[in-house]
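One-based numbering, in listed order, for ligands and for the atoms of each.
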Amino acid sequence: MNDLLQATAQRAIRYLSSVDTRGVAPTPEAIARLAALGGPLPEEPADAAEVLALLDDIGSPATMASTGGRYFGFVIGGALPATLAASWLASTWDQNGGMTVASPIASALEVAAQGWLLDVLGLPASAGVGFVTGATMANFSALAAARHALLERAGWNVEAQGLFGAPPITVVVGDEVHVSLLKGLNLLGLGRERVVRVPVDRQGRMRPDALPPLSSSTLLCIQAGNVNTGACDPVEELCAIAHAAGAWVHVDGAFGLWLAAASTRAHLVRGIANADSWATDAHKWLNVPYDSGLVICRQPGHLRAAMSVNAAYLEQQDQRGEPFDYTPEMSRRARGTEIWAALRTLGRAGLAAMIERNCQHAARFAAGLRTAGYQVLNDVTSNQVLVAFGDADTTRRVIAAVQADGTCWCGGTVWQGHTAMRISVSSWATTEEDVDQSLAAIRRCAATIC
Ligand SMILES: *Cc1c(COP(=O)(O)O)cnc(C)c1O
């Protein structure tokens with residue numbers, strides 16, 4: 001065991017030191033070599049050190065170097081050093097994080113992290129938090145809590161009786177709703193297509209003036225952080241309108257919720273604490289390793305009612321209950337460990353600085369691209385930049401060239417009918433030098449095509 005872990009640590013260290021010098025995307029040759037990991041199941045046991053060597057030798061070159069400073073695809077984020085190390089230790093512990101009796105440490109880390117999270121995000125200290133796999137499950141879990149609360153109000157116990165014959169819930173979403181939220185609705189029997197879609201503005205923000213009539217049976221789903229533009233719905237105004245009508249407000253803040261942690265950006269999500277539930281990712285902007293997301297519910301009892309395995313929680317409403325009372329999973333890894341390590345090392349100031357730095361780097365990208373004569377399609381208010389290099393075909397060719405060049409990695413998207421390259425700055429590891437090096441590479445690639 002000792003030798004195996006020492007060797008693996010050495011391999012991990014070697015991998016991390018290669019990330020800054022290799023191309024960000026794996027080469028086609030590295031991907032082709034992945035065939036060596038398959039084949040028929042071996043009949044006989046193999047030496048663990050040899051298996052780990054195979055995994056590293058074949059696997060590491062085929063990774064996307066998204067843990068480095070020049071990966072800007074989707075909205076991904078890296079892993080802060082302390083969170084990677086904490087994750088090693090948590091894997092070593094191999095704790096079942098579902099129950100306090102199975103792991104006092106996992107539970108204690110979640111309790112500590114929960115308090116810090118609510119504090120730093122400016123959310124009610126009494127809210128309930130579930131440590132889930134990502135924002136998709138966080139959205140699902142929050143929507144389940146909302147479904148519970150809205151139907152309970154209508155005299156219906158959805159956990160016991162199901163949805164057949166239940167009073168209807170009207171689900172209202174912005175036209176720029178994230179697909180994961182729609183997936184949550186379909187998993188919950190609320191239907192991805194029976195939603196009312198609200199028109200959005202040029203940045204993708206829900207228009208309060210275009211809201212349909214809301215009522216106490218409405219679930220209004222709003223968004224903080226559009227995956228393309230980074231824009232946030234006008235949370236304060238939407239919450240005020242919704243609550244006057246008795247509606248539930250859920251916020252998909254997969255990455256945008258973290259803007260609340262930076263005083264320089266918090267105005268973008270003003271009023272966010274007024275919502276009823278929130279979904280966010282830790283593996284994106286908090287920069288912890290996969291997989292890690294958070295469901296937060298103003299009234300813990302609603303989340304608990306939706307997630308508990310039985311109705312016994314009703315008799316223990318005064319107690320916090322078990323970690324698994326707040327998540328879809330029962331057994332799971334000690335997911336709070338890395339979140340605890342991130343917040344414990346960053347502190348309030350470090351977290352704010354990381355968020356602000358990423359936003360400033362996005363602005364630097366936008367300025368550099370505009371200066372070079374390319375069209376930035378969005379108002380760069382947070383960490384996302386959309387750039388077009390001409391028509392759709394030209395832009396797609398530039399994206400392909402940038403990805404093949406390897407200095408950085410950016411993906412493509414379509415924003416309100418325009419094909420664009422999307423730059424998401426969400427990693428702690430990105431430096432100003434990374435931005436300048438990447439800008440130079442993008443300009444070089446674009447110059448050969450445009
Ligand atoms: C990334 C994202 C999600 C989904 O999160 P996962 O971590 O992939 O499950 C949901 N909503 C928004 C706005 C996102 O950016």
Side-chain angles (χ1 to χ4, degrees), residues 64 66 71-79 83 117 121 129-144 146 171 173-188 192 195 197-198 200 203-206 220-233 235 238 249-260 268-269 272 275 277-296 327-329 332-333 335 338-339 342 355 358-359 362 378 381-386 410-411 413-415 422-427:
M64 185 64 81
S66 51
Y71 181 85
F72 306 108
F74 307 94
V75 184
I76 293 275
T83 69
L117 282 164
L121 294 172
V129 179
F131 292 70
V132 295
T133 49
T136 300
M137 283 320 282
N139 277 325
F140 166 83
S141 305
L143 296 170
V171 182
V173 302
D175 212 22
E176 275 290 322
V177 61
H178 193 271
V179 286
S180 73
L181 192 130
L182 296 176
K183 177 173 172 173
L185 293 173
N186 96 36
L187 291 172
L188 288 162
R192 67 165 91 212
V195 295
R197 283 179 173 263
V198 183
V200 295
Q203 300 304 316
R205 292 175 296 223
M206 186 185 281
L220 175 64
C221 302
I222 66 178
Q223 183 167 265
N226 178 287
V227 276
N228 282 313
T229 63
C232 302
D233 289 346
V235 184
L238 289 166
V249 182
H250 168 66
V251 182
D252 176 0
F255 66 97
L257 198 63
W258 298 95
L259 292 164
L268 296 167
V269 291
I272 196 117
S277 60
W278 305 264
T280 195
D281 268 316
H283 57 221
K284 286 179 180 166
W285 227 350
L286 187 59
N287 277 264
V288 308
Y290 287 96
D291 44 21
S292 190
L294 298 153
V295 52
I296 306 171
T327 64
E329 303 87 355
R332 59 177 173 82
R333 66 186 195 87
R335 199 167 274 130
E338 298 92 348
I339 295 177
I355 302 296
N358 285 166
C359 294
N378 64 315
T381 53
S382 59
N383 63 326
Q384 305 287 111
V385 182
L386 299 175
C410 304
T413 188
V414 176
W415 175 244
R422 174 172 54 197
I423 303 171
S424 173
V425 192
S426 342
S427 175

Is it the side chain (CB and beyond), the backbone, both or neither of Ala135 that lies under 4.0 Å from ligand 1, heavy atoms counted?
-> both
Backbone, side chain, both or neither: what part of Met137 comes under 4.0 angstrom of ligand 1, heavy atoms only?
-> neither
Which of the atoms in ligand 1, numbered in the order shown and given with their element, are less than 4.0 Å from a heavy-atom of Gly225?
-> 13 (C)
Residue, atom and distance of the protein heavy atom nearest atom 14 (C) of ligand 1 read Lys284 NZ, 2.9 Å
Residue part near ligand 1, for Phe255, under 4.0 Å between non-hydrogen atoms | side chain
Looking at ligand 1, does any of its N/O atoms fall within less than 3.5 Å of an N/O of Thr136?
-> yes
Just checking, is any N or O donor in the side chain of Trp285 or Asn358 under 3.5 Å from an acceptor N or O on the other one?
-> yes
Glu329 side chain reached by Thr133 side chain, heavy atoms, under 4.5 Å | yes
For the side chain of Asp291 and the backbone of Gly293, is there at least one donor-acceptor N/O pair under 3.5 Å apart?
-> no
Can you list the ligand 1 atoms lying under 4.0 Å from a non-hydrogen atom of Val227?
-> 14 (C), 15 (O)
So is Asp281 in contact with ligand 1, going by heavy-atom distances below 4.0 Å?
-> yes
What do you reckon, does Asp252 have a nitrogen or oxygen under 3.5 Å from a nitrogen or oxygen of ligand 1?
-> yes
Shortest heavy-atom approach to atom 12 (C) of ligand 1 - which of Ala254, Ala282, Ser180 = Ala254
Is there a donor-acceptor contact under 3.5 Å linking the side chains of His283 and Ser292?
-> no
Within a radius of less than 6.0 Å around OH of Tyr290, do more than 12 heavy atoms belonging to other residues, nucleotides or ligands occur?
-> yes
Compute whether any side-chain donor of one residue and acceptor of the other, for Thr229 and Gln384, lie under 3.5 angstrom apart.
-> no
Would you say the side chain of Ser426 lies within less than 4.5 Å of the side chain of Phe255, judging by non-hydrogen atoms?
-> no
